[in-house]
*Asks:* 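Okay, handing you the structure first.
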Amino acid sequence: PAFQDAAGKFSPDLFRQLLARERITEAALRDDITREILARQLLGPATLGTRLADSMVLPYASLLLEARLGTIAAIPAMAFIDGKDPSDAQLADYYKRNADRFTIPEQRRIRYAVVDAERFAQAAAPGEAEVAAYYNQNKARYAASETRSVEQLVLPTQAAATAIADQVKGGKSLADAAKSAGLAVATLDAQSREALTRASSKAVADAAFGAAQAVLAGPVRGSLGWVLVRVTAIETKPARTLDAVRAEIVATLRDQKQKALLSEFTGKLEDAVAEGGTLDEVVRDNGLKLETTAPVVATGQNVDDEAYKLPEDVKPLLQPVFAMGVDDDAQMVPITPDKRYALVAPGEIIAAAPPPLAKVKPAILAQYKLNAGNAKAKALAEQIRAKVAKGESLNDAVAAAGVRLPAPQTVGGKRADVMRGDQRPPAEIAMLFSMAAGSVKTLPIGQDRGYFVIRQDGIKRGDAGGQPQLLAQVRDQLGQ
């Protein structure tokens, strides 16, 4: 940020001014940086702590502490607005010359037909035979089950395991006994017999499921050594009958069948389009409802109605429709995957163009006057700049302008505070930090709103020599 100009870009002039002030040549700096890079590449593994010397970092860090003072006068275009309207010819000529500024992006009507999974709700209702078949195919899921949460400790020898077991029998917890041996227990929650077998071994699972809660079992042989296991919790679930899970199975089967029927139907629509069917034909032949939006730009806004709200179903269709060509076939686009789709195509396409002048005349008239006022503001700003450059104070030059203007404002601060992190300071403040001491410049406010006159009133050089934290921070940034 220290070397950014008013536009926020790297300024070679600022860079060279710093080098000149610090009596460092650009070639010398580049040589230093080259040597540093080569040192890192060649000696990196051996000298991981290599860093830029303080003499190289200090100018950059000191620049962040540099303080500047300036005076800024705003010359607003509104101060020069003419109450007299231009002729129709003048306004038309202005509108034509500035057509790009007033061009409305391409607009499209979106034609679409929604297909929802609910269309198949009745056809997807499972029969009693289907429900019974699903239950029988998934009996294991509904059978009685038992899971156990366990603590286990693995030791390298049976003797070591027995010694720990004796401590537990003597009153120690398994965790404390393990800790005294420099070990830690592992916790396995809600394990079925099969899961515990996979995690440890069949012998360990058998021991865990054969032990009462809170009772230590083992040592038994595991896949990694001798295992002690203690059951911390037991959860049993009774078997669930078909009647108990009927509603759950019906919902599952209905969902599966709806998805299958929806997929089959959307595939049928896509096949019809591929065989040459138009959107209108495919919609008509399949009993769908065709809907059309108002003209919208790619963001979904309607330029003629600020209150227009795009239907929720259409929002996912915007990008695909604006990517389609005028002669492209209709496309199937997901609104909610597996639940809701739309067969979609662009309708009327309105090319990007300025709207008819008659339609926007009040707004263009206001912009015309603001533009004219901006030109006058620019001319006055240049006059004031010239006076100040010759020694007149900015306050006096503004007061003598013959137009009622805002009073100039005194601004200032340290570069590090004004240009902190990724924050962009206002353009007029950024320019102040790129100007030579005592200089004066003009800067557009932007959007035909007028001009700034900026005078650089003073520069106080910074010295980061006594701020090691700042030096370290800048060194890290330069080293990245």
*Asks:* Provide the full list of salt bridge (charged side-chain N to carboxylate O under 4.0 Å, His left out) pairs with a residue in residues 186-201, sequence neighbours left out, each pair given once.
*Replies:*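 Listed by first then second residue: R193-D206.
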*Asks:* Donor-acceptor pairs under 3.5 angstrom involving side-chain atoms of residues 73-88: please list them, not counting sequence neighbours.
*Replies:*
from	atom 1	to	atom 2	distance (Å)
D82	OD1	K84	N	3.0
D85	OD1	K369	NZ	2.6
S87	OG	Q90	N	3.1
S87	OG	Q90	OE1	3.4
D88	OD1	K361	NZ	3.3

*Asks:* Restricting to pairs with a member in residues 319-345, which pass salt bridge (charged side-chain N to carboxylate O under 4.0 Å, His left out), not counting sequence neighbours?
*Replies:* D116-R340, D313-R340
*Asks:* Does the side chain of R119 reach to within under 4.5 Å of the side chain of L288, using non-hydrogen atoms?
*Replies:* yes
*Asks:* Which pair of heavy atoms, one from Q367 and one from Y94, lies closest together, and at what distance?
*Replies:*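 The pair with the smallest heavy-atom distance is CG-OH, 3.3 Å.
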*Asks:* Got a second to check how far Q191's CD is from L196's CG, nearest 0.5 Å?
*Replies:* 5.5 Å
*Asks:* Kindly give the heavy-atom pair with the smallest separation between K441 and M435, and that separation in Å.
*Replies:*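 Heavy atoms of K441 and M435 come nearest at N-CE, 3.8 Å.
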*Asks:* To check you understand the geometry: which heavy-atom pair defines the closest contact between R68 and S434, and what is its length?
*Replies:* NH1-N, 3.9 Å
*Asks:* Shortest non-hydrogen contact from V360 to Y95?
*Replies:* CG2-OH, 3.8 Å
*Asks:* For E235, which residues count as a salt bridge (Lys or Arg N to Asp or Glu O under 4.0 Å) partner, sequence neighbours excluded?
*Replies:*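 Not a single residue meets the salt bridge (Lys or Arg N to Asp or Glu O under 4.0 Å) criterion with E235.
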*Asks:* Restricting to salt bridge (Lys or Arg N to Asp or Glu O under 4.0 Å), what partner residues turn up for E275, sequence neighbours left out?
*Replies:* none
*Asks:* May I have all residue pairs that pass salt bridge (charged side-chain N to carboxylate O under 4.0 Å, His left out) and include part of residues 128-148, sequence neighbours excluded?
*Replies:*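 For residues 128-148: E128-R246, E130-K257, E146-R148.
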*Asks:* What closest approach, in Å, do T266 and S263 show between heavy atoms, and which atom pair accounts for it?
*Replies:*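 Heavy atoms only, the tightest pair is OG1-O, 3.1 Å.
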